[in-house]
Structure formats: C-alpha cells, structure tokens
Amino acid sequence: MKIATWNVNSIKARHERLLAFLERWEPDVVCLQETKVQDEAFPYLELRAAGYYAVHHGQRAYNGVAILSRVEPTGVFFGMEDDGEEEHARLIGATVGELTILSAYFPNGGDMGSDKYAYKLGWLGRLRAELERRFELSATPVALCGDFNVAPSPDDVSLPDLFEGSVLANPEVRDALGGIRALGFTDVFRPFHPRGGVYTWWDYRAMGFERNHGLRIDHVYATAPLASRVIGAVVDRREREGKGASDHAPVLVEIE
DNA sequence: ATGGTAGACGCTCTA
C-alpha cells in the first residue's frame, strides 16, 4: 500500500492537480496540509467520486489538514486535547484499516525570536505530549505525516548560509523533533536516500525550484510496527513543476 | 536588512 503526504498550499488552487495526482499514483492514504478552507468548503463529494473518503479539520484562509483514504476512516480526532479555543487547525488523526494516520501541519515559526517561533516550539512540545498520552506507540502502527517545517539534518538543507540557523533548521527545533522520535518514531524516508540532498519544499521566489534551493521539511514518521514494513519512499518532484504548483512536492511511502 | 512569488482576503497577512 502507498501513503502520501502533501502540503497543497490551498486545496482550491490545487483541485485539478490533486485529482490528477490521485489518478496517477492511486495512493491508499493521503495526508494533506494547508488546505486553507473551512470544512464546508472542503471538496468531500468530488473526492468521494474519485474513490476517496475524506476527513478534514479546517479554518478560514490558513492552515487546515485532511486525511483521504480508500477505506472509510474511523475514530477521527481533531487537534490536540490541550488546544485553546481559537487554536490553529494543524492536526487530524484517524484509524484507517489497521493503521493510525496523523496529518500534521507544524507551525512555520516566522523569524527566530518571534512570537510565532515561541508558538512553534510550544506546539512541538504539545504534540509530543499528545502522542505519548493518546497512543500505545510501541505496539500501534502509527504514521505521523505532514509538513513538519523542520529540516532534520544539514543534509536536508540546500543553502546552509541561508537556512542553517533559521526557524526551519536549527539545533532547538531539531532537538524538539528528536523528542518526538524518542517516543518511538522513525523517519522512514531517510534510509532510502542516505546521502541526503533530496528536498520537498522550494521557495516560490528567486527561482527556488529551478535552482534546487530546497529543504526536506515534509516527512513520514512511523512507529516500529509500521516502520519495519516500509519498502520504498520517494518525492514526486513533478508536482512542483510548472504553473499552478504548490511550493511543496508530495512524499510517497510504500508499505508491504 | 531586504526582496523575490503565491494564495487568501479585502487594502495585508502568512509562508
């Protein structure tokens, strides 16, 4: 089976591309981020016609996460237990067959030292606590998929002078992500690309994609019962090409 | 320190 994760940067702007992507890859599960719509504007019916059930946790204009799947998801949950009243829509989870799937849009963090950066660090800590509280991670096959907004190692960064030390690539956020791995999660993409230099996001500006000035910030993290069954992982760079592309390319993982 | 582009929204914010 195939699991995909893709920050679509607006599901309205990416509607046609998303449907074509589903036809081309026929993934069993797709985690989406940055849908940027409220639930009532989410294209449930169009996706159902394309063969997918969908659950969505949205908000107006920003954020928004979804899980699409061939089989009907159950046990859906929205956000974190300690989310505030006006919390961003950044996490959705569901049971899909025997797997637990999480679609997460980690905060970007703005600039170092900003309020947004403090929110990012707090959110990473809250996610760790949420995962620990909610699941028996050693025994449950869980896939934590999404736009993590963290490049885990220098090998995941194209322009160190620009990006190292930024909100996306610094020791503090890398440690916070390490705290999530310490719960029992593995980056299942990395072993298939051991030399690094494979990216999932490129800035729209300054011909970022054409120059391959990217970062690997979209990830699939899996607990041991699932990680042991992963047999492949790729980035579909074609989805970053041409007019009407998201600034992120999808990551796909194949499971035996 | 800033700009470059894209998307949503509505004369600006987020990434």
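On a predicted model such as this, the values are computed, not experimentally measured, just so you know. Atoms considered below: every heavy atom in the structure, side chains included; atoms not considered: hydrogens, waters and symmetry mates. Just so we're on the same page: letters track the sequence lines, and every chain starts at 1.
The separation of B:dG7 from B:dC11, taken at their C1' atoms, amounts to 16 Å, rounded to a whole angstrom. B:dG3 and B:dT12 have their P atoms separated by 16 Å, given to the nearest Å. Look at the P atom in both B:dT14 and B:dC9: the space between them is 14 Å, to the nearest Å. Taking the P atom of each, B:dA1 and B:dT5 are spaced 23 Å apart, rounded to whole Å.
Between A:Arg174 and A:Glu164, at least one side-chain nitrogen of the basic residue sits less than 4.0 Å from a carboxylate oxygen of the acidic one, meeting the salt-bridge criterion. A salt bridge is defined here as a Lys NZ or Arg NE, NH1 or NH2 lying under 4.0 Å from an Asp or Glu carboxylate O, and A:Arg90 with A:Glu130 fails to meet this definition. Classification of A:Asp155 and A:Arg216 as a salt-bridged pair fails, no side-chain N sitting under 4.0 Å from a carboxylate O.
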Going through the checks in order, is the side chain to side chain donor-acceptor pair (under 3.5 Å) test met by A:Ser103 and A:Gln33? CA-CA 7 Å; A:Ser103 180; A:Gln33 301 85 38; 3.2 Å; yes
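At least one side-chain heavy atom of A:Val29 sits under 4.5 Å from a side-chain heavy atom of A:Met1. Counting heavy atoms from C-beta on, the side chains of A:Leu124 and A:Phe148 never come closer than 4.5 Å. Side-chain contact between A:Ile217 and A:Phe106: absent, with no pair of heavy atoms (C-beta onward) separated by less than 4.5 Å. Side-chain contact between A:Val173 and A:Val167: absent, with no pair of heavy atoms (C-beta onward) separated by less than 4.5 Å.
Backbone-only contact: A:Arg90 has heavy atoms under 4.0 Å from sugar-phosphate atoms and none from a base. Among the atoms of the strands shown, none is found under 4.0 Å from any heavy atom of A:Phe209.
Annotation: proximity of residues 150-171 of chain A to DNA chain B (heavy atom, distance under 4.0 Å) is found for no residue.
Where A:Ala61 and A:Asp247 each meet DNA chain B at their nearest nucleotide, the meeting point lying more 5' is that of A:Ala61. Nucleotides of DNA chain B nearest to A:Ala206 and A:Ser10 differ in position, and the one nearer the 5' end is that of A:Ala206.
Think of the region where chain A sits on DNA chain B: with heavy atoms and a 4.0 Å cut, that region ends 5' and 3' at B:dG4 to B:dA15.
Both the sub-6.0 Å distance and the 45° axial angle are not jointly satisfied by A:Arg70 relative to the ring of A:Tyr53.
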